[in-house]
Protein chains: 4
Amino acid sequence: MARPRSEDKESAIMSAAVRVIATQGLGAATATIAKTAGVSNGSLFTYFVTKADLFNAVFVALKTELAAAVADGLSARVGFSSAWDVQKQMRFVFAHWLHWSASYPEKRRALAQLAVSDEITVASRLTARQAMEGIAAFLERCRAKGAMRDAPMVVVLTLVTAVMDAAVDLMISDPTQADQHCALACDAMWHMLM
Amino acid sequence: MARPRSEDKESAIMSAAVRVIATQGLGAATATIAKTAGVSNGSLFTYFVTKADLFNAVFVALKTELAAAVADGLSARVGFSSAWDVQKQMRFVFAHWLHWSASYPEKRRALAQLAVSDEITVASRLTARQAMEGIAAFLERCRAKGAMRDAPMVVVLTLVTAVMDAAVDLMISDPTQADQHCALACDAMWHMLM
Amino acid sequence: MARPRSEDKESAIMSAAVRVIATQGLGAATATIAKTAGVSNGSLFTYFVTKADLFNAVFVALKTELAAAVADGLSARVGFSSAWDVQKQMRFVFAHWLHWSASYPEKRRALAQLAVSDEITVASRLTARQAMEGIAAFLERCRAKGAMRDAPMVVVLTLVTAVMDAAVDLMISDPTQADQHCALACDAMWHMLM
Amino acid sequence: MARPRSEDKESAIMSAAVRVIATQGLGAATATIAKTAGVSNGSLFTYFVTKADLFNAVFVALKTELAAAVADGLSARVGFSSAWDVQKQMRFVFAHWLHWSASYPEKRRALAQLAVSDEITVASRLTARQAMEGIAAFLERCRAKGAMRDAPMVVVLTLVTAVMDAAVDLMISDPTQADQHCALACDAMWHMLM
DNA sequence: GATGAATGAGTATTCATTCAT
DNA sequence: AATGAATGAATACTCATTCAT
């Protein structure tokens, strides 16, 4: 598993991949990605044995990054307890999530493409899901007394993620209404879980 | 005077495309699609000038088909009025929608790929949206007194569609729990809109 | 050898071929030629079994047409005898030839392409040469007392044709100087033969 | 640091192109050219971005080579001055030109095809013309006191080239008479210019 | 005979991956 | 390790020709 040095190059390639995928789709040539990263096309393959490997790595990285951002919003507010506080906290977390995602439209777009690709392995998808599980505890608390209190966590997480993704798309496609869309989505989530 | 164009062939190509895209993604070769359709690769191009044209046609067709199926569930129950009836009706419609989608996993998978492709034109996306217009009216009525009563319809439709898609994914990936997932999603929708 | 009727269509196809070859080169599609001729692509092949056949027919026709035009200039002035008259007559014939060719740039261009094609058979080339032999007698008289009096006729004809072709190209490429070029070429021919 | 581009390969491709064009015309497949050059079809495109690029390069190279050969005959005899000497020199130069061209029938044939192609850019044609500039000066001197003393140089060069080309064709098509044809053409040129 | 759909071999070009330097 | 040339399979699309109507 030991990779050649230069983490710089590795991450340069990965973020180049994000940018290129965002604009050219999954059909993007590895050579294009390499050039965008300022690296020779040969080098790309010393860091990622396969184009699919690169894509999987990018997928996992983006999902992980997103999860971290969400967790970030999470850690800022812990310890509320009353119902009203829970709602406030949820809003805060979801708003953080949404705004973070909307700030990186390229990442969002790349992720959307990668998510439906069949190059992305089940393993990658599993890893991605696990990264998101950090917020499971939070959602657990949110839904504790709500309508979805007995639903399996996977289901809750899947539905929540779907709504968030859709909301981000709306925010990106019409940035002037971003705040309204954000508020609406947070409301929707609240009602869905309660 | 010459051999007329065959609608059979046209639709054979389109459904072949669905099957092939579902398994091979958008990178699927036109030759593969043609062979799957039992047609020469040259013929594919007498029916669709371009691979992108074919994909757009398939996209619109699938969306339209889905819309028709939903509308089908819609027309079955018209005329309810009390709140309880509205809920019942909505459940029915959503359940219909979900089960229909879950019954055609290939169509769903193909649609998921096509939806994020940049080969799909705005015109196609518009047409698709218009096909869904029928359900918009229904949602209008559902949300009339609910929390989202003031939200723009696009937003509502986008969120609803996202939840439906996620639910179908869940149903497909774990068919034994399909009914529970369906019920859960319907509940979620209900709460989200009310 | 009996061809299907409608000489109209046959010649429509041929002149369409001239136009299309002039603009698109020999790589022009038969379908394009057919459409230009206002005929179905299938029909083209009832008149010409092969694309090469069509091209050969066009080649021969153009060469023949040119020869006829030259002969036309020829017949206008027959019977001069003194040396000075011969020169005058030659100028007249060559000028006629040049102006006729320069009036049909598409034909000239198509002919230039066809002449170097390897689709054109030796038979066609022979026929073409024979068509031009009408002026052999005339050239014979021109060169009778000149420097090329002992050269084989083929050689004379080849050189003369080459100069004429080059002159026509010059005239076409710079129409404002057409008359000067014509005069120059006639002079050149006169000197070459005397 | 990587394998350097090989000039060998580049010229192998170009001369393969000459051979293949000579026998198959401009419709020759790049794959055929590559195989003839002993190179993978992919490699052809690292040396020439486009088939048209390759053809332009070949065109310019052949024209340049021809010009060099002519210049070669030119430099062998410099310094003559009397009228008789000029004639002798001109004959020598033209004979050299003709024999060189006749020795490379493939190059000649390829050049004939390329010259009428519309893939050949004006830039290429200009470069080619400039390569022939050397002989222009020589012709300038030849015609100084002759009949074409006032004609534009382009015209002179065009006519001379046309006669030379025709003569070469004659020499190639009937090699046993090559010398006579050569002598005849030289005479013709002499008379045309004087 | 006319039409234009059907066919499938053929084309230029691309691209993931390998390998010489 | 880094580079970028080399490779050749793969791809969308074209086109001469055939054939059903």
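The model shown is predicted, which means the values in this text are computed figures rather than measured ones. Order of the sequence lines sets the chain letters (A, B, ...), proteins ahead of strands, with each chain counted from 1.
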Measure the distance from [atom1] on [X] to [atom2] on [N] and round it to the nearest whole Å.
X: Lys9(A); N: dA1(F); atom1: NZ; atom2: C1'; answer: 8 Å
X: Lys35(C); N: dT14(F); atom1: NZ; atom2: P; answer: 13 Å
X: Ile13(A); N: dA1(F); atom1: CD1; atom2: C1'; answer: 12 Å
X: Arg5(D); N: dG4(F); atom1: CZ; atom2: C1'; answer: 9 Å
X: Leu54(D); N: dT11(E); atom1: CG; atom2: C1'; answer: 15 Å
X: Glu10(C); N: dG1(E); atom1: CD; atom2: P; answer: 13 Å
X: Phe48(A); N: dA1(F); atom1: CZ; atom2: P; answer: 15 Å
X: Leu44(A); N: dC15(E); atom1: CG; atom2: P; answer: 14 Å

Results of side-chain contact (heavy atoms from CB on, under 4.5 Å) for [X] - residues two or more places apart only:
X: Thr50(B); value: Ala52(B), Asp53(B)
X: Thr127(A); value: Val60(A)
X: Asp165(C); value: Arg108(C), Thr161(C)

When you compare the protein's N or O atoms with those of nucleotides 17-19 of chain E, which come within less than 3.5 Å of each other, and at what distance?
| residue | atom | partner | partner atom | Å |
| --- | --- | --- | --- | --- |
| dT17(E) | OP2 | Lys51(A) | N | 2.9 |

Do the side chain of Ser124(A) and the main chain of Ile120(A) share a donor and acceptor less than 3.5 angstrom apart?
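The answer is no, because no donor-acceptor pair under 3.5 Å joins these two groups.
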Please report, to 0.1 Å, the donor-acceptor pairs under 3.5 Å made by any side chain of residues 28-38 of chain D, with sequence neighbours excluded.
| residue | atom | partner | partner atom | Å |
| --- | --- | --- | --- | --- |
| Thr36(D) | OG1 | Thr32(D) | O | 2.7 |

Does anything in residues 14-28 of chain D come within less than 4.0 Å of DNA chain E? Heavy atoms only, and list the residues if so.
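Heavy-atom cutoff 4.0 Å gives Ala28(D).
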I want to check one thing: is the phosphate of [N], taken as OP1 and OP2, less than 4.0 Å away from some side-chain N or O of [X]?
X: Ser43(D); N: dA5(F); value: no
X: Ser40(B); N: dG8(E); value: no
X: Tyr47(D); N: dA6(F); value: yes

For [X], check ring pair (Phe, Tyr, Trp, His ring centres under 6.0 Å) against everything at least two apart and list the hits.
X: Tyr47(B); answer: none
X: Phe45(B); answer: none
X: Phe48(D); answer: none

Dot-bracket for DNA chain F, 5' to 3', counting Watson-Crick or G-U wobble pairs under 3.5 Å, with [ ] for crossing pairs and | for inter-strand pairs?
.||||||||||||||||||||
Within a radius of less than 6.0 Å around CZ of Arg125(D), do more than 12 heavy atoms belonging to other residues, nucleotides or ligands occur?
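Correct, the count exceeds 12.
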Specify the residue among Ser6(D) and Thr32(C) whose closest nucleotide of DNA chain F lies further upstream toward the 5′ end.
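The residue whose closest nucleotide sits nearer the 5' end is Ser6(D).
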Side chains of Thr46(A) and Ser43(A), donor plus acceptor under 3.5 Å:
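Side-chain D/A pair, Thr46(A) to Ser43(A): absent.
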Could you note down all residue pairs passing salt bridge (Lys or Arg N to Asp or Glu O under 4.0 Å) where residues 54-68 of chain A supplies at least one of them, sequence neighbours left out?
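Passing the test, one end in residues 54-68 of chain A: Glu65(A)-Lys107(A).
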Would you mind listing every salt bridge (Lys or Arg N to Asp or Glu O under 4.0 Å) that reaches into residues 114-123 of chain C, with sequence neighbours excluded?
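Residue pairs passing salt bridge (Lys or Arg N to Asp or Glu O under 4.0 Å), neighbours aside: Asp118(C)-Arg109(D).
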